[in-house]
Amino acid sequence: MSDWLPEAPLLFYPSLAHRLGSDEALLLYIYTDYGRLAGMKADDGCVECILPHSRWLQLAGFWSEERLRTATESLERQGCLQANLSQGGSVRLRLLPQQVSAPEPEVRTESGQPAPPAVQQLPVYDAPPPRPARRETMMQRKGPAPTFGGSIGWRRHKDELQAIFEQAEERNQQLQSMFLGWEPSDMFHAMLPRHSIPAEFASGCLDEFVLYWLDKDRKESNWDQKFLAWVKREWVKKQTRDAREQRYEQERQSVVTGGSDENTRRDSREKRKRITAAIMDIKDTDW
């Protein structure tokens, strides 16, 4: 006998089935049981829970999705719950509390017959008593109740994981691969004068840049920035190389002309010596 009962049973209330329908009564118990385990209670006493689409289908795996959707919409029309299907497929349920008044105890006479209702006199007021302030419910704060699968109602909130996936998808759509014949935009050429780089030098670096990144199989949202960094780095290398060659040329020229400079300095020393000797010779008045 136990082989035929593999899981826990689901409760079926005939009174609910008579009032709501058989599918609706069974589904209402399933939603209520799930809300008791995984739901959160709101300020107005309602129980709210959010189910992924796959988990929602597993709650009544013995039904098709169309039958599950039909029973949910029927419960919503009868005021038992509020359901909202988001764009990502998740389902938001809001189980409304049922106001059930406790039955009054039946009063019987000594003979066992039901006692007639007591006559009560209503109080008389000169002015109507003030009405107590009603607390604002969540439905009044958010607006009209949502319709299942409709386009009106409460704003559909996206969970954090879905928002991250959508942002990553938007970034991936903006990425572009390098291809033969790629050329920088006008914005790149407008940035070159700020770095004192000639446009001819940047054009000479284009082929090497394209061939380098073709082998990398990489995607970028803006290849202009990548190319500008490449050109700036090559421009610094060129300036360093030119300065090194200029310094080498100056040193070589100084070595070549070093002999004539030494002769000039030697002649100047000899001339100063002759002038000094002539001044020191008192008898010599030719100067």
Side-chain angles (χ1 to χ4, degrees), residues 4-103 131-170:
W4 291 90
L5 303 175
E7 64 267 347
L10 299 177
L11 298 182
F12 182 85
Y13 295 92
S15 59
L16 289 179
H18 180 73
R19 185 161 60 102
L20 304 176
S22 58
D23 289 354
E24 289 81 355
L26 183 59
L27 184 59
L28 182 60
Y29 169 77
I30 294 175
Y31 282 159
T32 304
D33 185 67
Y34 183 83
R36 183 172 60 256
L37 297 177
M40 297 181 62
K41 194 171 184 180
D43 297 337
D44 55 351
C46 299
V47 177
E48 296 184 355
C49 53
I50 299 178
L51 298 84
H53 189 264
S54 58
R55 182 69 180 113
W56 177 60
L57 296 178
Q58 291 176 0
L59 290 181
F62 45 84
W63 287 346
S64 63
E65 182 177 357
E66 184 64 26
R67 186 173 180 180
L68 179 59
R69 187 186 299 270
T70 302
T72 303
E73 292 176 349
S74 178
L75 288 174
E76 186 178 12
R77 288 194 300 270
Q78 300 184 58
C80 298
L81 54 83
Q82 295 171 355
N84 185 14
L85 180 63
S86 65
Q87 296 179 356
S90 61
V91 178
R92 179 178 181 180
L93 295 176
R94 177 180 171 85
L95 304 176
L96 303 178
Q98 183 178 7
Q99 302 295 336
V100 179
S101 57
R131 300 179 60 181
R134 299 180 60 183
R135 185 177 180 181
E136 186 180 12
T137 62
M138 184 178 295
M139 183 173 63
Q140 293 174 346
R141 293 196 302 267
K142 290 188 175 182
T147 58
F148 189 77
S151 59
I152 61 175
W154 294 327
R155 186 179 61 181
R156 298 172 179 175
H157 298 277
K158 298 179 181 179
D159 54 1
E160 184 177 359
L161 185 59
Q162 182 181 358
I164 293 176
F165 286 158
E166 292 182 356
Q167 292 177 2
E169 184 64 23
E170 292 178 358

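Predicted model only: the values in this text are computed from it and were never measured.
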- Query: With a 4.5 Å limit on heavy-atom distance, are the side chains of L16 and Y29 in contact?
  - Reply: no
- Item | CG on L75 to CG on L93, rounded to 0.5 Å | 10.0 Å
- Taking every heavy atom of G79 against every heavy atom of L96, the minimum-distance pair comes out as O-CD1, 3.5 Å
- Query: What's the spacing between D33 CG and L10 CG if we round to 0.5 Å?
  - Reply: 8.0 Å
- Query: Roughly how far, to the nearest 0.5 Å, is CG of L26 from CG of L20?
  - Reply: 12.0 Å
- Message: To check you understand the geometry: which heavy-atom pair defines the closest contact between L59 and Y31, and what is its length?
- Response: CD1-CE2, 4.0 Å
- Which atom pair, heavy atoms only, marks the closest approach of A17 to A25? N-CB, 3.5 Å
- Task: Return the minimal non-hydrogen interatomic distance between G39 and C49, and the atom names on each side.
- Result: CA-CB, 3.9 Å
- Message: Please give me the minimum heavy-atom distance between T32 and L95, naming the atom from each residue.
- Response: CA-CD1, 3.8 Å
- Task: Look up atom CG in L68 and atom CD in E73, then write down how far apart they are to the nearest 0.5 Å.
- Result: 10.0 Å
- Closest non-hydrogen contact found for I50 with Y34 is O-OH, 4.4 Å
- Task: Please determine if E65 and R69 form a salt bridge, counting it only when a charged side-chain N lies under 4.0 Å from a carboxylate O.
- Result: yes
- Message: As an exercise, state the distance from CD of E76 to CZ of R94, rounded to the nearest 0.5 Å.
- Response: 12.0 Å
- Message: When you measure from the side chain of E24 to the backbone of S74, do you find a donor-acceptor pair of N or O atoms at a distance under 3.5 Å?
- Response: no
